[in-house]
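Both ligands and their constituent atoms are indexed starting at 1 by order of listing. Values in this document were obtained by computation on a predicted structure and should not be read as measured data.
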Amino acid sequence: MNTHDIIQQTETFSANNYHPLPIVLARGEGIWVWDVDGKKYMDCLSAYSALNQGHRHPAIIKTLIDQAGKVTLTSRAFHNDQMGPMLKRLCEVSNMEMALPMNTGAEAVETAIKTARKWGYKVKKVAEDKAEIIICRDNFHGRTVTIVSCSTEHQYRDGFGPFTPGFKVVDFGDAAQLEKAITPNTVAFLVEPIQGEAGILMPSDGYLTHARELCTKNNVLLIVDEIQTGLGRTGKMFAYEHEKNAKPDMIVIGKALGGGVYPVSAVVSSKAVLGVFNPGDHGSTFGGNPLGAAVARTALDVIVNEKLVENSRELGTYLLNELKKIPSPHVQEIRGRGLFIGVEIKKSSGRARPFCEKLMNEGMLAKETHDQVIRLAPPLIIKKDEIDWIVSKMNKVLS
Ligand SMILES: *Cc1c(COP(=O)(O)O)cnc(C)c1O
């Protein structure tokens, strides 16, 4: 089947919940992917940062195959020999004490919400069913009913009510609003350190530090959703580390934790917080399975051993500076941290999508987010000459 036939078939049999670029990929390696006709593209989306280690990283694929030859799934009814070592590594990397493994990002966010509520009732002693969680306008935390209940995006909610109560919205980056929104029933503040889906939006310096102070003062858990920003993407292991004294009570991790091959997510926190769970309170059949756990441990090792955090920081700074030098009548703003960069297109120049289509024709895959922003987030294994290649393509399309 050719590209046209495959897309036709996909559109016939798939629910219409995505609008992909018209390209059919058949192979990937490192930062590169190939379509069914053998044309080569650079992957500058990295599956929304789930491919920080690149496509089919040899060490991760080796672990996948080795572990597939031993045992893949035990359920949590029995122990397996892979989950403990993975969670230990994850706690070391995140400087936390305890973890709860899940599969997808949304499940980990749900887990964080359940943890915060349980902690609120059992430890903070909030009255039954009164717990409140504060979230930010224009957040993205996933797609379950409870999570879209905290979304402020009309389309994410339209047709999916009734919604889960117990959420309160504040503007992202506004610590004064956060302070006002906190009540004795507030159990948590859930925030992305940089809002990715909203268009790579960065709060002003000091916001997270201020949020940390407010949470500490009011006995509220600070939960950061680092599913997209974590594991090196922004030039730190976790994006909250860009600020001083902003260590959260809980970090939600996903995407790149699975090394681009297998869905693995987790919540990491302290014993005081994750200690609220008792057997039977919460769970997942596949969560913590030995195949995913083995993959995740290697995925973490690759990030640390290959210094991907440092590479993201250095090349991200370089890329941002080079992009800013491009003389373009179309660019409103270029912003980002590490290899997490948003190029905002002026409204008068139309939407970002046609620019992404032009980039695709140039052999560079990037996906617009929220109409006006081209998101650049290549795998963190990228090298300097390949960054220069991105700059040349961006130059061609933006000038
Ligand atoms: C992708 C993402 C999620 C949801 O993860 P899924 O694996 O798609 O469920 C949640 N939060 C953030 C910040 C994300 O980028």
*Which of the numbered atoms in ligand 1 are below 4.0 angstrom from a heavy atom of His141?*
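Heavy-atom distances to His141 below 4.0 Å select 10 (C), 11 (N).
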Within-cut-off N or O pair, [X] and ligand 1, under 3.5 Å:
X: Ala106; result: yes
X: Asp225; result: yes
X: Gly142; result: no

*Would you please determine whether Phe140 falls within less than 4.0 Å of ligand 1 on a heavy-atom basis?*
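Yes, Phe140 has heavy atoms under 4.0 Å from ligand 1.
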*Answer with side chain, backbone, both or neither: which part of Glu192 has a heavy atom less than 4.0 angstrom from an atom of ligand 1?*
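Looking at Glu192 and ligand 1, just side chain atoms fall under 4.0 Å.
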*For ligand 1, does Glu107 get within less than 4.0 Å through its side chain, its backbone, both, or neither, judged by non-hydrogen atoms?*
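The answer is neither.
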*Is a salt bridge present between Asp249 and Arg212, judged by a nitrogen-to-oxygen distance below 4.0 Å?*
yes
*When you measure from atom 7 (O) of ligand 1 to every protein heavy atom, which one gives the shortest distance, and what is it?*
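For this ligand atom, the closest protein heavy atom is Gly105 N, 2.8 Å.
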*What's the shortest distance from atom 1 (C) of ligand 1 to any protein heavy atom, and which residue and atom give it?*
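Answer, as residue, atom name and distance: Lys255 NZ, 1.5 Å.
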*Between the main-chain N or O of Ala299 and the side-chain N or O of Gln53, is there a donor-acceptor pair closer than 3.5 Å?*
yes
_Donor-acceptor pair, side chain of Thr298 and main chain of Ala59, under 3.5 angstrom_ =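 Not a single qualifying donor-acceptor pair exists.
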_Sequence neighbours excluded, every pair satisfying side-chain hydrogen bond (donor to acceptor under 3.5 Å, both in side chains) that has a member inside residues 109-128_ = Glu110-Thr144, Thr111-His282, Lys114-His282
*Using a distance threshold of 4.0 Å (strictly less than), state whether atom 11 (N) of ligand 1 has a protein heavy-atom neighbour.*
yes
*Any chance the side chains of Arg297 and Gln67 put a donor and an acceptor closer than 3.5 Å?*
no
*asked:* Just so I know, are the side chains of Lys168 and Ile133 near enough to count as touching, which here means a heavy-atom distance under 4.5 Å?
replied: no
*For the hydrophobic clusters of this structure (ILVMFWY residues joined by side-chain heavy atoms under 4.5 Å, transitively), does one cluster hold both Leu87 and Leu291?*
yes
